[in-house]
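Ligands are counted one by one from 1 in listed order, and the atoms in each one are counted from 1 as well.
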Amino acid sequence: MSHRHFDGGRLIVASHNPGKVREIKELLTPFQADVISAGDLDLPEPEETGLTFTANAELKALAAAQEANAVALADDSGLAVTALDGAPGIYSARWAGPDKDFDLAMRKIESELGEKPDRTAKFVCALTLAWPDGHCETFEGTVSGLLTFPARGDKGFGYDPIFTPDGHDITFAEMDPDKKHGMSHRADAFSKLVAACFA
Ligand code: IMP
């Protein structure tokens with residue numbers, strides 16, 4: 001399948017989260033991109049009304065691309081728990097409430113799981129590169145693992161303390177961040193995007 005290539009120049013990172021913007025800038029250092037964030041440009045944040053990770057990544061990237069008339073990159077991610085039919089999924093951030101209380105969100109997962117034996121889950125990341133003419137290139141990355149209670153570790157963020165990736169016996173929150181970044185759902189989506197549109 002042929003993909004549209006990023007030809008250099010300005011690239012908007014459609015995120016107002018400085019941590020995410022920094023990580024994306026680092027990942028794009030080898031390419032000819034003049035990276036600037038939607039926050040720096042004061043672009044409005046669209047409401048995430050999509051029903052899938054891909055729909056949300058595309059609506060965020062397209063809104064920024066059309067507003068700023070430049071190529072834009074957006075991601076949408078979350079934790080999908082098998083025994084909860086994929087919840088919290090696209091609502092992962094919202095399960096933490098207005099105070100972004102992830103202890104609360106992790107306890108909610110534990111209580112909704114109850115005695116259900118299936119502890120498998122995956123982190124999912126959809127990444128979209130969008131052009132002002134409406135063209136989108138979208139890639140999805142995943143990392144599979146097992147939910148682990150009680151939560152362990154103080155590195156990382158979000159649901160990292162209850163997620164043990166397959167093939168490991170420590171949670172993402174106990175893992176060296178560089179190691180996590182090398183195997184994460186975001187890294188998986190990025191390597192697909194880079195191979196298709198930047199390499
Ligand atoms: P987004 O900014 O809308 O993509 O929100 C994603 C939400 O999913 C975050 O607030 C976290 O709750 C969760 N999430 C996504 N990626 C990770 C991760 O790598 N570790 C832990 N939680 C994550």
Just going by heavy-atom distances, which of Phe157, Phe102, Tyr91 is nearest to atom 10 (O) of ligand 1?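 That would be Phe102.
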Could you check whether any side-chain heavy atom of [X] comes within less than 4.5 Å of a side-chain heavy atom of [Y], counting everything from C-beta outward?
X: Tyr159; Y: Phe123; value: yes
X: Val124; Y: His185; value: no
X: Arg10; Y: Ile36; value: yes
X: Pro46; Y: Lys60; value: yes
X: Ser15; Y: Asp75; value: no

Contacting atoms of ligand 1, where contact means under 4.0 angstrom from a heavy atom of [X]:
X: Gly158; answer: 21 (C), 22 (N)
X: Asp160; answer: 18 (C), 19 (O), 20 (N), 21 (C)
X: Lys180; answer: 18 (C), 19 (O), 20 (N)
X: Asp76; answer: 3 (O), 4 (O)
X: Lys20; answer: 1 (P), 2 (O), 4 (O)

Considering only non-hydrogen protein atoms, determine which one is nearest to [atom] and report residue, atom name and distance to 0.1 Å.
atom: atom 15 (C) of ligand 1; result: Ser77 OG, 3.2 Å
atom: atom 22 (N) of ligand 1; result: Tyr159 N, 3.2 Å
atom: atom 16 (N) of ligand 1; result: Arg186 NH2, 2.9 Å

Is it true that Thr54 and Thr138 share a donor-acceptor pair across their side chains at a distance under 3.5 Å? no
Has Asp176 got more than 12 heavy atoms of other residues, nucleotides or ligands less than 6.0 Å from its CG? yes
